[in-house]
Amino acid sequence: MITHEGAAADAAPNTAAHGPIPIGNFIRQPDFSKVTISPDGRYLAALVPLPDNPYGNLIGIVDAKTAKIVHVLRSASNTLIADYFWASDDRIVATLATQRGGLDTPLPTGELFATNADGSDQVDLFGYRAGGPQTGTLIHTTEKRNAYAEPISRYPIDKNKILIAVNDFTHERAGSFTEAEILDIRNGRAVSQGNSPVPNAKLIADHAGQVRVAYADNQFKGDMVWLRASPSDAWTVLNDPGKSGVEFAPIGFNRDNSKLYVRMAHGDRPDAIELMDLANHTFTKVYQGQFADPGELLPTADGLDYYAIITNDGEQKLFYLNENSPEAQLSKALAANFPGQLAYFSSFTRDGKRAIVRVVSDRNPGDYYLFDLDTRNARYVFSAMPWIDAHQMRPMQPIELTTRDGLLLHGFLTVPAGNKPFPLIVLPHGGPHWIFDTWGFNSETQMFADRGYAVLQINYRGSGGYGVNFVSRGFRQWGLSMQDDLTDATEWAIHQGYADAQRICIYGASYGGYAAIEGAVREPDLYKCAVGYSGVYDLRVQLSNSDTEQTDKGDAYLKLALGYDQDDLLRRSPLSGVNRIKADLLLIHGGEDPRAPFKNFKELTKALDQDNKHYETLVEPDEGHGFFLPQHREEAYEKIVSFIDSHIGSSDMASDKQTQAKASP
């Protein structure tokens with residue numbers, strides 16, 4: 001029998017009355033994220049924010065037995081530790097992001113940094129700041145590289161050696177070829193394993209540390225995949241989807257390197273995980289969901305294979321590749337202790353005797369346990385957001401509905417405590433293509449539900465997660481059938497009795513911001529208010545001014561997704577339909593937004609002014625695509641909540657808000 005102990009509460013719905021939870025509780029960064037155990041089991045590590053410095057964070061390293069802090073590795077000035085991994089028993093390699101110029105949001109730099117668990121032997125392994133004197137020495141042990149690096153594998157291929165993929169910085173629209181390199185994590189010296197067959201390719205190594213697979217986008221017609229027997233051999237085409245009629249993306253090798261796990265496209269059906277035999281090129285299906293694409297594959301304790309797949313058919317669950325494997329047996333026994341939640345092994349020691357267990361759900365943002373194989377005990381160690389009471393959060397209900405043209409859509413409905421119908425917030429996700437909403441803790445959704453709103457999240461056509469044909473159905477359908485899907489979902493919520501037809505608002509960010517304002521254009525009598533956050537309001541701007549347009553791949557995507565007829569783009573832009581808008585609008589934007597350029601905001605507000613439409617705004621001149629600084633994010637959400645309350649909120653909500661304001665320090 002497996003037991004768990006500690007302070008984390010099991011998530012369960014609770015309708016007990018409580019005042020509105022402060023918005024700051026929902027936007028606050030997790031106390032702990034990316035919790036891992038060292039290969040020898042001696043240390044635990046986690047990323048920890050600095051409350052007084054949004055441009056800094058740290059890696060906290062803890063003794064796994066005593067729970068005492070061994071070392072705190074702080075990021076450099078204006079530099080965030082974006083991610084990290086254990087490259088040996090006592091050495092960590094981290095990737096970085098830094099603030100540049102006046103832009104608030106830090107950007108990844110492609111740099112690699114290494115340190116021992118006790119803070120000694122710190123080295124800038126790779127990047128444009130490498131090559132200077134290292135900590136405690138005047139010896140230049142690395143060289144400056146104007147390039148971007150990322151790990152190919154998080155498992156060392158030899159003592160003090162890891163594999164990285166390197167792309168030179170370039171202004172060429174086609175990008176640069178990807179070079180595989182063996183990097184020494186002590187001194188930063190690198191040895192090449194050769195280049196990719198085409199620019200911007202992703203690389204996959206086998207368990208012997210040989211980079212043998214490359215894949216790259218083929219103008220969004222399915223990935224081209226290449227194979228080679230060893231780094232000294234030439235690349236040969238393993239799959240050209242234009243010729244084979246088969247479309248798949250490689251994931252990783254099986255235990256003996258004889259087969260390759262791939263994500264196989266199946267047209268109208270969801271993608272499947274399959275094993276490709278590299279000797280005869282035959283495929284064996286491992287898993288395919290009922291209606292949703294598979295999620296993450298979870299590695300076995302030794303990292304040589306996978307033990308489970310996270311599924312997305314409604315609530316997330318685990319599908320075990322081998323029901324009799326030790327990981328599967330232990331995982332199933334462990335899951336019984338966390339009903340209604342997803343519990344899985346996320347980090348193992350080398351011998352598989354100890355592991356980090358991550359537990360999440362729609363109401364629980366994440367708890368971490370240290371699991372001991374011998375005692376079968378899972379000891380609580382951290383909570384991601386301990387100030388969130390899972391019992392006060394609301395369940396995220398999987399839903400499905402059929403559109404006016406017969407297409408089956410899936411999504412989620414979160415309703416507040418109380419009796420329906422509720423005031424409703426329609427919350428379309430951004431992206432839009434290949435992005436999708438999944439079951440799990442969502443701070444925005446819970447913030448709105450806590451304030452008495454039902455929240456509808458529908459994966460409209462064009463979203464990812466439901467097969468390749470579902471994505472392609474959204475191409476050039478911005479403002480057309482994609483928008484109809486949101487309308488149909490809203491009408492569904494009304495007809496099912498969940499939504500009060502007189503109290504509905506639509507809110508979204510990025511593409512969601514486009515969909516919110518376009519919803520107010522196309523359905524002027526359906527929505528009482530609309531909120532656009534970093535939204536696209538003139539589709540022509542995306543083709544001429546966005547950062548997406550600055551590469552060949554991005555330009556091909558925009559023309560595929562939007563089209564390129566200027567008159568048609570204008571017709572499908574909210575900018576051209578302001579005269580039809582009846583709803584009040586709130587527009588929030590960053591002045592340095594590269595993805596949905598600020599020109600979108602300026603052109604829309606100019607058109608609204610010319611038509612004497614009422615709207616409110618919030619602009620942060622130095623923010624980019626979505627606000628980064630906590631004070632800016634809190635101000636934005638305070639504005640959003642106040643705006644929605646004023647249009648579809650009840651008198652009870654207003655009273656609760658006044659009470660909360662009086663209670664605030």
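Counting from 1, the numbers follow the sequence of the chain as shown. Both backbone and side-chain heavy atoms feed into the values below; hydrogens, waters and symmetry mates do not.
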Inset, instruction - Go through the steps to decide whether Phe126 and Phe113 satisfy the test ring-ring contact (aromatic ring centres under 6.0 Å, His included), and finish with yes or no. - result: CA-CA 7 Å; Phe126 185 98; Phe113 176 86; over 10 Å; no
Spell out, as yes or no, whether a donor-acceptor pair under 3.5 Å connects the side chain of [X] to the backbone of [Y].
X	Y	result
Thr79	Ser75	no
Tyr84	Ala45	yes
Asn545	Gln542	no
Gln316	Gly440	no
Asp206	Gly209	yes
Asn254	Asn257	yes
Thr349	Arg354	yes
Asp277	Thr282	no
Ser573	Leu539	yes
Tyr307	Phe345	yes

Can you check whether [X] reaches [Y] side chain to side chain, under 4.5 Å on heavy atoms?
X	Y	result
Tyr261	Leu321	yes
Thr403	Leu409	yes
Val123	Arg186	no
Asp223	Asp217	yes
Ser546	Pro597	yes
Thr95	Pro108	no
Leu260	Leu275	no
Asn160	Pro156	no

State whether [X] and [Y] are salt-bridged, where the test is any N-O pair (Lys NZ or Arg NE/NH1/NH2 against Asp/Glu carboxylate O) under 4.0 Å.
X	Y	value
Asp302	Arg350	no
Asp547	Arg595	yes
Asp552	Arg173	yes
Asp83	Arg154	yes
Asp484	Arg461	no
Asp268	Arg473	yes
Arg145	Glu111	no
Asp555	Lys559	yes

Legend entry - Cation-pi, Phe253 ring and Lys259 (6.0 angstrom, 45 degrees): no
Do you know the tightest heavy-atom contact between [X] and [Y]?
X	Y	result
Ala343	Ser331	O-OG, 4.1 Å
Arg189	Asn187	NH1-ND2, 2.7 Å
Phe470	Asn459	CZ-O, 3.4 Å
Val198	Ala216	CG2-CB, 3.7 Å
Ser534	Ala596	O-CB, 3.5 Å
Leu112	Ala149	CD1-CB, 4.0 Å

Legend entry - Side-chain H-bond candidate by donor/acceptor type, Trp86 with Thr36, under 3.5 Å: yes
Inset, instruction - For the residue pair Asp168 and Thr170, confirm or rule out a side-chain donor-acceptor distance under 3.5 Å. - result: no
Nearest-0.5 Å distance, [atom1] of residue [X] to [atom2] of residue [Y]:
X	Y	atom1	atom2	value
Leu227	Leu238	CG	CG	5.5 Å
Gln477	Met482	CD	CE	8.5 Å
Lys161	Asp184	NZ	CG	4.5 Å

Inset, instruction - Verify whether the ring centers belonging to Phe248 and Phe283 lie closer than 6.0 Å. - result: yes
Legend entry - Test of ring centre spacing under 6.0 Å for Tyr511 and His433: no
Inset, instruction - Show your reasoning for whether side chain to side chain donor-acceptor pair (under 3.5 Å) applies to Asn239 and Ser244. - result: CA-CA 7 Å; Asn239 187 54; Ser244 68; 2.7 Å; yes
Inset, instruction - List the steps, then state whether side chain to side chain donor-acceptor pair (under 3.5 Å) holds for Asp313 with Thr311. - result: CA-CA 6 Å; Asp313 286 334; Thr311 68; 5.8 Å; no
Inset, instruction - Check step by step if salt bridge (Lys or Arg N to Asp or Glu O under 4.0 Å) holds for Arg404 and Asp488. - result: CA-CA 7 Å; Arg404 65 189 70 182; Asp488 292 349; 2.7 Å; yes
Legend entry - Selection residues 194-204 - residue pairs positive for side-chain hydrogen bond (donor to acceptor under 3.5 Å, both in side chains), sequence neighbours left out: Glu150-Lys202
Inset, instruction - Under the side-chain contact (heavy atoms from CB on, under 4.5 Å) rule, what do Phe348 and Thr300 come out as? Steps first, then yes or no, please. - result: CA-CA 8 Å; Phe348 286 98; Thr300 54; over 6 Å; no
Inset, instruction - Evaluate the ring-ring contact (aromatic ring centres under 6.0 Å, His included) criterion for residues His429 and Tyr460: first the C-alpha distance (whole Å), next the side-chain angles of each, then the deciding distance (0.1 Å), finally the verdict. - result: CA-CA 9 Å; His429 64 74; Tyr460 45 81; 4.4 Å; yes
Legend entry - Partner of Leu96 by side chain to side chain contact (heavy atoms under 4.5 Å, CB included), out of Leu80, Leu107, Thr109: Thr109
Inset, instruction - Could you tell me how the ring of Phe291 sits relative to the ring of Tyr466: parallel (under 30°), tilted (30 to 60°) or perpendicular (over 60°)? - result: parallel
Inset, instruction - Take the angle between the ring planes of Trp434 and Tyr557 and call it parallel below 30°, perpendicular above 60°, tilted in between. - result: tilted
Legend entry - Contacts of Phe436 that satisfy ring-ring contact (aromatic ring centres under 6.0 Å, His included) - sequence neighbours left out: none
Inset, instruction - Could you go through the side-chain contact (heavy atoms from CB on, under 4.5 Å) check for Ile309 and Leu298 one step at a time? - result: CA-CA 6 Å; Ile309 300 167; Leu298 303 177; over 6 Å; no
Legend entry - Chi angles and distances behind the salt bridge (Lys or Arg N to Asp or Glu O under 4.0 Å) call for Asp568, Arg540: CA-CA 9 Å; Asp568 179 58; Arg540 300 171 301 177; over 6 Å; no
Inset, instruction - Applying ring-ring contact (aromatic ring centres under 6.0 Å, His included), run through Trp226 and Tyr215 and close with a yes or a no. - result: CA-CA 6 Å; Trp226 291 264; Tyr215 63 104; 9.3 Å; no
